Amino acid sequence: MKWDDFSEWGRRVADWTQDYHLTVGDRPVRARTEPGEVLNALPQTPPEDGEGMEAIFRDFENIVMPGITHWQHPRFFAYFTSNAAAPSVLAEFLTAAIAPQCMLWQTSPAATEMETRMMDWLRQALDLPVQFQGAIQDSASSATLAAVLTMREKALNWQGNQQGLFGQKTLRIYCSSEVHTSIDRAVWVAGIGQQNLIRVPIKGDWRGMDPDALEAAIQADLAAGHQPAGVILCVGGTGVGATDPVDRVLDVAEKHGLYTHVDAAWAGSAMICPEYRHYWPGVERADSIVFNPHKWLGVQFDCSAHFLKNPDDLVQTLAISPEYLKTHGHDGIINYSEWSVPLGRRFRALKIWFLIRTYGLEGLRQRLRNHITWSKQLHEKLKLEPDFQITSAPMWSLWSFRYAPEAAADLDDLNLRLVNAINNDGRIYLTQTRLDGQLVIRFQAGQFETTEADVMMAFGVITEIARSLQ
């Protein structure tokens, strides 16, 4: 394709995109292809000669689209969705068009300076102190890895990168049993080891870490000659929204001088609403915080906001500055490649700018409030339905339930069959989790264009299919 021909296909793709988003609710939410179906539809060898876009786009519709699970579907109630609000999609298109590599200020000054400003906009939206600065990571997993590496380096007096972990005291990191598996992976990659990730017991309605148990675990490790390094707090866990008592956990961590990282990947978006900030009291005392605007806030995937009380700790952990990466003659600039594990960086700030300017913070707040209100209404309705148990109360827009008729012999099997039948039906999409050893079904509302009718429709689908399984 020549650039002279690009505008025609650009218009066709834009028209297709608009139609897709306007009609995606008419499609089954989850892909209905069988394993290997898409693979077998693709030629085993690449073409020797170029093909026209007409044929390529036709195959996109016929081969690719049937194998897509529609994360932008208004009745996607399964995982925490990755949203794609219209202005954010446009910004992503422009980013793809200009294709900058934004690793240094000099390689894309506008990208660096917009990232600085957009992270400060988000800081203000969350009402974090001005001391916090931020960087945009690709995902919360990367932010958590950066936090764990910083914990490691601070605990080893900044010698881990140079000397490695051999011969050092055994490092210990603490979290609850409800954290995301990205914490496990970060501990692996950092060389600390799975057995040194200490799972602190939980208690209370929020299924949060027990601060007294954390204190006991730290004391036991000190007595055994280990080196406590940091605490990872959970606010809005993936399973059922588990949330640690932030202030009390931070009390313990501060007592022992431990680096603290708050993983609020999903629920952090809700903190733009003042009425939900009681879920993370004292968060301004944490060393780092992460949330994903690409989840609930509506920003096109991928875009993770990583806030740091003292960015110098992270820079000292990650920065490498060979001569070819130095920006000479400019002092005080930020090179965000020193704030993240990858050297290469995309221009992610543009889509935050487009989104916030289009909707404003109040427009975004109202969407989140609607999702929470509608989800709670569904919760109250299903709570009154015979043979259904509410297994976890709403945390923001997330809660769980279990179908439990008296005649059922194996409730785990029944509920697994129920969630599979619901997803095969195609009208809505749910997923399951384990709660205290039992299989339960999760519900969460968070897709950007979801309506009250979409949420309420779930009641009829759930109860109808459940009754059909008896």
Side-chain angles (χ1 to χ4, degrees), residues 83 85 87-88 91-92 95 100-105 107-147 150 235 260-273 277 280 283-315 317-319 332-361 364-365:
N83 272 304
S88 183
E92 190 78 336
T95 297
Q101 218 285 34
C102 309
M103 58 184 176
L104 309 172
W105 177 88
T107 62
S108 290
T112 294
E113 295 179 21
M114 181 169 283
E115 182 161 346
T116 300
R117 183 64 72 205
M118 290 305 100
M119 286 303 298
D120 196 61
W121 279 16
L122 291 175
R123 177 197 65 78
Q124 294 177 58
L126 300 180
D127 196 31
L128 294 175
V130 70
Q131 180 181 358
F132 279 89
Q133 300 178 58
I136 303 174
Q137 311 283 8
D138 56 0
S139 65
S141 298
S142 292
T144 297
L145 174 58
T150 304
V235 175
T260 52
H261 175 67
V262 177
D263 180 2
W266 164 65
S269 291
M271 302 311 185
I272 69 172
C273 303
R277 292 179 191 146
W280 64 4
V283 71
E284 68 279 357
R285 294 158 51 199
D287 292 298
S288 67
I289 304 164
V290 66
F291 88 99
N292 290 338
H294 69 233
K295 281 191 167 75
W296 205 355
L297 208 59
V299 177
Q300 172 86 21
F301 183 83
D302 55 9
C303 182
S304 186
H306 184 194
F307 294 98
L308 301 147
K309 181 178 288 183
N310 183 10
D312 289 345
D313 288 343
L314 180 61
V315 172
T317 299
L318 297 179
I333 64 169
I334 295 175
N335 290 323
Y336 280 113
S337 60
E338 297 178 343
W339 295 40
S340 56
V341 174
L343 174 62
R345 306 187 90 253
R346 300 180 65 247
F347 188 6
R348 298 184 178 95
L350 189 67
K351 50 197 174 187
I352 300 177
W353 191 49
F354 270 47
L355 181 90
I356 294 179
R357 290 191 65 188
T358 300
Y359 297 102
L361 290 179
L364 296 172
R365 290 186 191 107

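The structure presented is a predicted model; accordingly, all values stated were derived computationally and were not measured.
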*Is the backbone of V299 close enough, under 3.5 Å, to the side chain of S88 for a donor and an acceptor to pair up by distance?*
no
_Just verifying a value: how many Å separate F347 CZ and M114 CE, rounded to the nearest 0.5 Å?_
5.0 Å
*With rounding to the nearest 0.5 Å, note down the distance linking CZ in R348 to CZ in F301.*
9.0 Å
_Close side-chain approach of D302 to R346, heavy-atom, < 4.5 Å_ = yes
*Do I289 and K309 have side chains that get closer than 4.5 Å, going by heavy atoms?*
no
*asked:* According to side chain to side chain donor-acceptor pair (under 3.5 Å), who are the partners of T95, at least two apart in sequence or on a separate chain?
replied: none
*So, for A265 and A140, which heavy atoms are closest and what is the spacing to 0.1 Å?*
CB-CB, 3.8 Å
*Between the main-chain N or O of L343 and the side-chain N or O of S337, is there a donor-acceptor pair closer than 3.5 Å?*
no
*Using side-chain contact (heavy atoms from CB on, under 4.5 Å) as the criterion, list what pairs up with A91, not counting sequence neighbours.*
L350, K351, F354
_Any residue meeting side chain to side chain donor-acceptor pair (under 3.5 Å) with E284, in chain and number order, not counting sequence neighbours_ = none
_Give me each pair satisfying salt bridge (charged side-chain N to carboxylate O under 4.0 Å, His left out) with a member in residues 124-134, each pair once, sequence neighbours excluded._
D127-R277
*For G268 and L126, work out which heavy atoms get closest and say how close.*
O-CD2, 3.5 Å
*Please list, chain by chain and in numerical order, all residues satisfying salt bridge (Lys or Arg N to Asp or Glu O under 4.0 Å) with R365, sequence neighbours excluded.*
E362
*Not counting sequence neighbours, which residues clear side chain to side chain donor-acceptor pair (under 3.5 Å) with S142? List them please.*
D138
_If I compare all heavy atoms of R123 with all of F132, which pair ends up nearest, and what's the gap?_
CD-O, 3.3 Å
*Could you pull out all residues at least two apart from A305 that satisfy side-chain contact (heavy atoms from CB on, under 4.5 Å)?*
M119, L122, F291, P293, F307
*Do you know the tightest heavy-atom contact between I334 and T116?*
CD1-OG1, 3.9 Å
_Taking the side chain as everything from C-beta on, heavy atoms only, tell me whether V283 gets closer than 4.5 Å to L128._
yes
*asked:* If I take atom CD1 from residue I136 and atom NE2 from residue H306, how far apart are they, to the nearest 0.5 angstrom?
replied: 12.5 Å
*Shortest non-hydrogen contact from L314 toward A146*: CD1-CB, 3.7 Å
_Short side-chain to backbone donor-acceptor contact, H294 and C303, under 3.5 Å_ = yes
*Would you give the length of the straight line joining atom CE of M118 to atom CD1 of I356, rounded to the nearest 0.5 angstrom?*
6.5 Å
_Spacing of I272 atom CD1 and Q124 atom CD [to the nearest 0.5 Å]_ = 13.0 Å
*With the side chain counted from C-beta on, respond yes when D263 and V235 share a heavy-atom pair under 4.5 Å apart, and no when they do not.*
no
*asked:* Which residues pass the side chain to side chain donor-acceptor pair (under 3.5 Å) test with H261, not counting sequence neighbours?
replied: T144, S288
*Taking the side chain from N292 and the backbone from W266, do they hold a donor-acceptor pair closer than 3.5 Å?*
no
*Could you walk me through whether I352 and E115 pass the side-chain contact (heavy atoms from CB on, under 4.5 Å) test, one step at a time?*
CA-CA 9 Å; I352 300 177; E115 182 161 346; over 6 Å; no
*asked:* Run the side-chain contact (heavy atoms from CB on, under 4.5 Å) test against Y359 and tell me which residues pass, sequence neighbours left out.
replied: A85, P87, L355, L364, R367, F448
*Can you name the residues that form a ring pair (Phe, Tyr, Trp, His ring centres under 6.0 Å) with W339, not counting sequence neighbours?*
Y336
*For D313, all residues meeting side-chain contact (heavy atoms from CB on, under 4.5 Å), sequence neighbours excluded*: T150, K154, W158, Y259, N310
*Please determine which of L104, V315, T112 meets the side chain to side chain contact (heavy atoms under 4.5 Å, CB included) test together with N335.*
L104
*Considering non-hydrogen atoms only, spot the tightest contact between A264 and W280 and give its length.*
CB-CZ3, 4.1 Å
*asked:* Nearest 0.5 angstrom please: T358 OG1 to W353 CH2, how far?
replied: 10.0 Å
